[in-house]
Structure formats: C-alpha cells, structure tokens
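A short write-up of the structure that comes next.
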Amino acid sequence: MSKYQENRLFIHNTLNRKKELFTPLTPPHVGIYVCGPTVYGDPHLGHARPAVTFDLLYRYLKHLGYKVRYVRNITDVGHLESDADEGEDKILKKARLEQLEPMEVVQHYSNRYHEAMAALNVLPPSIEPRASGHIIEQQVMAQQIIENGYAYESNGSVYFDVLKYNEQHRYGKLSGRVLEDMLSDARQLGRQDEKRNSVDFALWKRAEPSHIMRWASKWGEGFPGWHLECSAMSKKYLGEKFDIHGGGMDLLFPHHECEIAQSVAATGSDAARYWMHNNMVTINGQKMGKSLGNFITLEELFTGSHSLLEKSYSPMTIRFFMLQAHYGSTIDFSNEALGAAEKGLIRLMGALKALEKLEPEDTTGSFDVDAFERNGYKAMNDDLGSPVLIAHLFDAAKYINTTLSGNDMISAAQLEKLKSLFGVFIFDILGLQEFEDKDTADLTEKLVDLLLDIRLEVKKKKDFELSDRIRSELASFGIIVKDKKDGFEWELKK
RNA sequence: GGUCGCGUGGCCGAGUGGCUAGGCAGAGGUCUGCAAAACCUUGUACGGCGGUUCGAAUCCGCCCGUGACCUCCA
C-alpha cells in the first residue's frame with residue numbers, strides 16, 4: 001500500500017475557495033504546472049515564496065509515492081511593460097538598457113535564478129520550458145481560438161474576445177470577478193481602437209519596427225501575448241486536463257483567469273483541476289517594491305548587503321522561515337522574525353545531532369513516537385501545514401534534549417523510529433539541509449589561526465609537549481603547520 | 001470606487017465552538033570555575049461593539065485598522 005493511499009491530502013482550491021481532497025486524474029501520476037519567473041532581474045524574495053511553496057508540494061507528493069511531473073516555466077518573452085504605451089517587453093527593455101542581446105539577458109538571469117533556487121534547496125522541476133521556445137505552439141493555440149470564434153485579428157495583433165467567451169462560459173470563475181463590473185469600471189486604455197472591448201487581452205501582438213524580439217506569423221511579425229505561454233506549454237507537457245496549477249496570488253487575475261479562458265476557448269477544457277496560490281511577501285509590513293526601496297534580492301539576503309538587513313541570513317534560514325508560515329498567509333520579513341527563525345532552526349538541527357548521541361534503554365520514554373508520526377502527516381495532509389509539522393518537530397526536539405540531559409529515556413524502537421521520522425520530515429518533506437554556514441571557510445581560518453597563536457604562547461613557555469601535540473593533531477586533520485622565525489604559516493593538505 | 005483577504009500575548013506565527021500550538025525574546029531556578037547550551041517553572045493572547053449559543057478568539061452583523069488584486073509584478 002502506497003503512502004498516498006493512507007494519507008488523505010487536502011489542498012485549498014482557489015476555484016471554490018475550499019479545502020478539497022486531492023485525487024489525481026490518473027494515479028499514481030500527478031501533473032503540476034507552476035508559473036515561474038520572468039527573467040529580467042536578479043531573483044528576489046518574491047521568487048522564493050512560490051518556489052519554496054511548490055517545492056514543498058512537489059516533495060510531499062513524491063514522498064507519498066506519486067509519480068510527479070512538475071513543470072515550471074521560464075518567461076523570457078511576452079510580458080508587456082504596459083498596455084497603455086508601446087507595450088514594451090520587459091526583457092527587451094532590460095536588453096536595451098544593458099546593451100545586450102535579449103537572450104543574453106534571459107540566460108544570465110535564468111542562471112542567477114537557478115543558483116538561488118539551488119541555495120534554497122529547491123528541487124529543479126521535471127521540465128522547465130521557455131516561452132521563447134514555444135512560439136509555434138502559442139501561434140497554433142491562438143489560431144485555434146480564432147477558429148473557435150473566441151478571438152479576432154486586428155491590425156496584425158490577435159485579441160481574445162472576452163465578451164463572446166462570457167456568453168457561454170464564465171470569465172471570472174477563478175478570481176470571482178464579474179464581467180459587468182469590470183466593464184463598468186474600465187479605465188480608458190491606449191490602443192483601445194484595436195480591441196473590441198477594454199477587457200480583451202492580446203494573444204499575439206504586432207511588433208513595431210523597433211521591436212527586436214519578433215517572430216514571423218500568419219498575422220505578420222510579432223510576439224506572443226501575456227498569458228498564452230502558460231496555456232500552450234501546460235497543454236503540451238501535461239495535457240488538456242491536468243491536476244494542479246500553482247502560482248502567486250498576484251497572478252490570480254488576470255493571468256490565471258486568462259489562462260482558463262484560453263484553454264477553454266482552444267480545447268474546451270479548463271486545464272487544471274486544482275488551483276493553488278501562495279500569498280505574498282511583505283517587508284516590515286510593507287509590500288516589497290522597487291519604488292519603496294525595500295526590494296531585497298536573495299543574494300542581498302544571503303550576504304546581508306542591504307541597508308534594511310542587520311546581518312546576513314543563510315538560505316536555510318530563509319527556507320525555514322517561509323515554512324514556518326502557511327503558504328496561504330502573507331509573510332512579513334523583518335530582522336527580528338528572521339533572527340528568531342534562525343535560532344529556531346539551529347535548535348531543531350541541534351536536536352537532530354543530539355539524536356545521534358542518545359543511548360537507548362530497555363524502558364520506553366514518555367514521548368509517543370507513533371502519535372508524532374500521525375500528527376506530522378496530519379499536518380501536511382491539511383493543505384501542507386508545514387508550520388504545524390514544525391511545531392511537532394519542536395516538541396520532539398524538546399523530548400530529545402530532555403532525554404539527553406537524563407530527565408527522560410528512550411527505547412531502541414523509539415530511537416530508531418524517531419531518527420527515521422526526523423529524516424523524513426526535515427530532509428525529505430521540508431527540504432531543509434544541514435546548516436551550512438557560508439562563513440565556514442572563514443571560520444576554519446580563524447580557528448586555526450587562534451589555535452596556532454595559542455601554540456606560540458605555549459612554545460614561549462617551553463611547553464613543547466603541548467605545542468607538539470597541537471601540531472601533530474592538526475596534521476592528522478590535514479593541516480600542515482610551518483613554523484617561521486616570528487610566527488607561523490599553515491596550509492590545508494589536499 | 002470594485003473584488004478578495006487579514007487583524008492572536010514584547011516579536012513571529014498555528015489553530016479552532018468548550019480541552020497547553022510552537023519558535024524567539026523576558027523573568028526565576030537546575031547544571032556550571034565563568035559563560036554558553038540544555039532542562040524545569042513562569043505570561044490577564046485572540047482589533048472594537050453588538051448578536052447567535054449552555055458556552056466564541058473560533059459562527060453572524062456593523063465599525064475601525066491593514067494588505068493584496070483591479071496596470072507589469074512571485
């Protein structure tokens with residue numbers, strides 16, 4: 001019996017705003033599509049949230065024994081800067097500013113993103129498709145939508161006919177919006193002459209002569225619209241109907257609403273069965289934004305090089321901090337909160353190490369390991385309740401420490417099971433890693449220097465027994481000490 | 001203005017109609033040459049006002065505060 005048959009996983013489905021029992025379309029296979037980054041800048045805190053959230057989902061589903069295909073795209077074309085002006089592509093704009101080929105920008109920031117995700121121990125997805133690599137698929141889908149009567153060509157661009165679509169389907173079923181309200185609330189937009197209605201959105205956009213990211217199409221040279229890539233690529237790799245679609249809450253409207261409309265218009269299927277949305281990140285209670293001056297990249301966080309940061313925070317601290325909040329809640333970053341998370345993580349990892357030192361006895365200790373197991377899974381089954389799972393881990397940590405200090409005991413069976421569960425929960429599911437301090441190398445240097453300084457003092461006192469012992473023990477670790485007239489040098493032997 | 005969400009002890013953050021969440025910080029103690037760690041003990045918590053109920057922080061209404069989306073955004 002697979003684990004997924006024993007565990008009833010409930011996930012919050014944005015489609016009806018309720019927690020629903022997760023049942024895959026074709027078990028044991030699970031298909032997930034998550035909206036990835038638009039690669040035009042360094043990865044920041046906002047990128048980490050969905051990445052960690054859906055990494056947790058991915059890890060848990062795999063742990064339960066599902067065979068998961070996890071598709072997370074890279075958007076390297078198609079996000080318009082603004083609908084009101086020239087509609088300049090973000091990546092194109094960045095390329096202009098930095099005098100680069102657009103694909104250079106894309107490659108550079110894709111690499112940066114991957115580095116940051118690896119540091120956060122976010123597993124790479126099964127497939128990471130790029131929008132620019134799926135122009136044909138997007139054109140085909142746009143054409144299908146035209147043929148089905150839900151899109152029209154206008155002056156070299158193709159627009160989705162939202163009003164027409166809404167006659168037979170409900171545009172707004174995901175975000176809870178009502179088309180009439182949107183129409184009455186419509187703002188005066190530029191280029192509206194091309195669109196039949198203000199709410200229509202582009203499937204294909206004509207490229208102005210200055211636009212260097214362009215592809216040939218039957219409608220002329222242009223580039224794909226904002227939302228089409230995800231519909232086209234999810235269909236290609238997961239099929240017309242798949243299990244879970246994820247992304248940030250900010251994408252709920254219009255992005256995901258448009259995806260549903262496109263999929264229905266093209267194939268008749270509304271694509272995903274479960275829609276999951278992670279909530280946003282705030283900094284000191286404020287939305288993170290470039291204009292607010294509180295925009296923190298992951299590298300700045302890891303190195304502490306931002307004026308708002310009192311110190312650096314390791315990738316694992318960031319990951320742990322995010323997991324201590326439920327993915328559906330906003331999470332506020334502050335030095336105080338991060339510092340608390342860091343200490344908590346150290347405590348947890350300390351208990352993990354303490355586990356190795358415990359000596360089992362014949363008597364069973366007070367901790368109910370079976371209940372710990374049940375409660376851990378129960379927490380995860382309840383819409384990925386990582387904060388509750390972590391709370392249970394802290395309870396276990398307390399028991400481990402109490403036992404180590406001689407105030408409780410543990411049987412061999414308990415110990416074995418606890419070790420196994422700690423491994424499963426901490427490493428497999430939460431995806432935490434041993435605390436790898438980025439300063440470890442620096443620390444080693446300082447430590448050896450300190451030890452050799454002390455050895456110098458010892459030598460002055462002619463305690464050669466101790467000084468020789470320091471040298472030979474260091475040598476046993478591969479550190480070769482070379483005495484100089486007035487000091488020392490040392491090196492690490494390969 | 002419209003839509004949706006949130007408001008929990010010094011800080012972060014779960015939860016839920018009646019039973020200790022947890023972490024960090026604080027206080028007292030044990031241990032200790034000192035310190036740290038660990039362990040033990042400790043906190044009038046649930047925005048305000050009404051209502052439903054035997055009982056609400058948990059359900060309903062109103063108000064206040066706050067945030068997200070409505071334009072690109074993770």
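Worth knowing before you read on, the calculation uses all heavy atoms, side chains too, and leaves out hydrogens, waters and symmetry mates. We name chains A, B, ... by the order of the sequence lines, and we start the count at 1 in each one.
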Intra- and interstrand pairs of RNA chain B - dot-bracket, Watson-Crick/G-U under 3.5 Å, | marks other strand:
(((((((..(((.....[...))).(((((.......)))))....(((((..]....))))))))))))....
For Met249(A), answer base if it contacts any base atom (sugar-phosphate contacts may also be present), sugar-phosphate if it contacts only those atoms, and nothing otherwise; contact means non-hydrogen atoms under 4.0 Å.
nothing
State yes or no: are the ring centers of Phe425(A) and Tyr377(A) separated by less than 6.0 Å?
yes
Can a salt bridge be assigned to the pair Asp428(A) and Arg59(A) using a cut-off of 4.0 Å between side-chain N and carboxylate O?
no
Walk me through it: do Asp370(A) and Arg374(A) pass the test salt bridge (charged side-chain N to carboxylate O under 4.0 Å, His left out)?
CA-CA 6 Å; Asp370(A) 292 327; Arg374(A) 277 196 308 276; 5.6 Å; no
Protein-nucleotides 30-41 of chain B N/O pairs closer than 3.5 Å?
unit_1: rA38(B); atom_1: O3'; unit_2: Asn401(A); atom_2: ND2; d: 3.4
unit_1: rC39(B); atom_1: OP1; unit_2: Asn401(A); atom_2: ND2; d: 3.3
unit_1: rC39(B); atom_1: OP2; unit_2: Arg347(A); atom_2: NH1; d: 3.4
unit_1: rC39(B); atom_1: O2'; unit_2: Asn407(A); atom_2: ND2; d: 3.0

Sugar-phosphate, base or nothing in reach of Val178(A), heavy atoms under 4.0 Å
nothing
Looking at Lys343(A), does any N or O in its side chain come under 4.0 Å of the phosphate oxygens OP1/OP2 on rG23(B)?
no
Using a heavy-atom cut-off of under 4.0 Å over every strand shown, decide if Gly46(A) touches base, sugar-phosphate, or nothing.
base
Nucleotide-resolved protein contact map, nucleotides 4-14 of chain B, B/S/- at heavy-atom distance under 4.0 Å
S------SSSS
Taking atom P of rG2(B) as reference, at what distance in whole Å does atom CD of Glu257(A) sit?
20 Å
Closest-nucleotide ordering on RNA chain B, the 5'-leading residue of Asn278(A) and Gly339(A)
Gly339(A)
Any side-chain heavy-atom pair from His255(A) and Cys230(A) closer than 4.5 angstrom?
yes
